[in-house]
Asker: 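Below is one structure. I have some questions about it.
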Amino acid sequence: MHIITREFYQRDAVLVARELLGKLLVRDLNGSLLSGMICETEAYLGEMDSASHAFRGKTTRNSVMFGPPGKAYIYLIYGKHYMFNIVTERENIPHAVLIRGILPVKGIKQMRLNRDSSTGNLTNGPGRLCRTMNINQSLNECDLTSGKDLWIEEYLCIPSKNILSGSRIGIEYAMQNDKVAHRRFWMRYED
DNA sequence: AGCACGATCTGA
DNA sequence: CAGATCGTGCTA
């Protein structure tokens with residue numbers, strides 16, 4: 001087991017978003033572990049990106065994004081759902097990667113308990129992912145390199161040819177160029 | 001202090 | 001395709 005270190009996160013969000021695919025997201029709930037392989041991510045490129053929370057500069061909510069990389073940026077959206085992001089790039093460069101999808105690896109039984117509907121889908125969408133992994137506002141600013149509560153481990157290495165990309169979800173308000181840019185990444189399962 | 005709105009999800 | 005639901009950020 002090898003926890004991803006700060007250097008990994010201290011790079012452009014697009015690079016980090018691509019390389020997070022195949023890695024293991026681990027949640028420690030008082031010693032019982034939940035984990036899932038990251039299979040969908042989105043990169044948000046800070047003050048240059050009209051879809052990013054950091055587009056209009058630093059606020060109380062997004063201040064974590066302006067800090068050191070490797071920390072969790074978590075916020076509530078639509079009054080219902082938590083979104084889990086990882087801060088990337090150097091201090092004062094507010095890049096982040098939104099984790100949109102995982103494939104459950106460990107603790108599926110607990111994940112089933114955490115979910116609130118009976119659709120059969122455990123982790124589809126960034127909101128339900130947080131619910132099933134028990135990720136909430138209390139983990140905002142959590143250091144993902146400390147091996148406490150929440151972290152990322154090496155797992156699979158996904159070759160570039162098996163990484164697909166497309167435009168990001170839910171950013172209708174953004175400028176056209178940011179809307180169409182391929183900053184969402186997921187994995188190809190066929191050969 | 002008030003108000004508009006969102007990196008979603010559900011169910012009709 | 002509308003509605004839930006509430007913290008945040010902007011304006012006054």
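Chain naming here is simple, since letters A, B, ... match the order of the sequence lines and numbering starts at 1 in each. None of these values were measured; they are calculated from a predicted model.
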Asker: Between A/Ile74 (CD1) and C/dG7 (P), how many Å, whole number?
Answerer: 16 Å
Asker: Please give, in whole Å, the distance from C/dG9 P to A/Leu76 CG?
Answerer: 12 Å
Asker: Going by atom types only, do A/Tyr44 and A/Glu42 share a side-chain donor-acceptor pair under 3.5 Å?
Answerer: yes
Asker: Tell me if a side-chain donor or acceptor on A/Ser50 pairs with a main-chain N or O of A/Met175 at a distance below 3.5 Å.
Answerer: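 Checking the backbone N and O of A/Met175 against the side chain of A/Ser50, a donor-acceptor pair under 3.5 Å is found.
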Asker: Aromatic ring centroids of A/Tyr82 and A/Phe84 under 6.0 Å?
Answerer: no
Asker: Where are the stems of DNA chain C, defined as at least 3 consecutive Watson-Crick or wobble G-U pairs with both distances under 3.5 Å?
Answerer: B:1-6 with C:6-11, B:8-11 with C:1-4
Asker: Does a side-chain heavy-atom distance below 4.5 Å link A/Val180 with A/Ser167?
Answerer: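 A/Val180 vs A/Ser167: side chains apart.
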Asker: How about A/Phe55 and A/Asp49: do any of their side-chain heavy atoms sit closer than 4.5 Å?
Answerer: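 A side-chain contact under 4.5 Å is absent here.
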Asker: Are A/His95 and A/Asp12 packed together at the side-chain level, in the sense that at least one heavy-atom pair is separated by less than 4.5 angstrom?
Answerer: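 Of all side-chain heavy-atom pairs linking A/Asp12 with A/His95, at least one is under 4.5 Å.
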Asker: Using heavy atoms and a sub-4.0 Å distance, could you list which residues of residues 55-72 of chain A are near DNA chain B? By number, please.
Answerer: A/Met65
Asker: For A/Lys23, is there an ion pair with A/Glu153 - N to carboxylate O distance below 4.0 angstrom?
Answerer: no
Asker: For residues 77-89 of chain A, which residues have at least one heavy atom under 4.0 Å from DNA chain C?
Answerer: A/Tyr78, A/Gly79, A/Lys80
Asker: Are the side chains of A/Leu103 and A/Met37 in touch, meaning some heavy atoms are under 4.5 Å apart?
Answerer: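 Contact flag for A/Leu103/A/Met37 side chains = yes.
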Asker: Select one nucleotide: of C/dC6, B/dC9, B/dG6, the one nearest the side-chain heavy atoms of A/Pro126.
Answerer: B/dC9
Asker: How long is the line joining OH of A/Tyr75 and C1' of B/dG6, in whole Å?
Answerer: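 Result: 8 Å.
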Asker: Kindly compute the distance separating OG (A/Ser63) from CZ (A/Arg61), expressed to the nearest 0.5 Å.
Answerer: 11.0 Å
Asker: Can you measure A/Arg131 atom CZ to B/dC9 atom P for me and round it to whole angstrom units?
Answerer: 12 Å
Asker: Given atom CZ of A/Arg128 and atom P of B/dA7, what is their separation to the nearest angstrom?
Answerer: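 The answer, rounded to whole Å, is 19 Å.
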Asker: Check this for me: does any side-chain nitrogen of one of A/Asp178 and A/Arg183 sit under 4.0 Å from a carboxylate oxygen of the other?
Answerer: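 Yes, this pair counts.
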Asker: Walk me through whether A/Ser52 and A/Met65 qualify under side chain to side chain contact (heavy atoms under 4.5 Å, CB included).
Answerer: CA-CA 10 Å; A/Ser52 169; A/Met65 297 176 86; 3.8 Å; yes
Asker: Whole-Å distance between B/dG6 P and A/Tyr44 OH?
Answerer: 13 Å
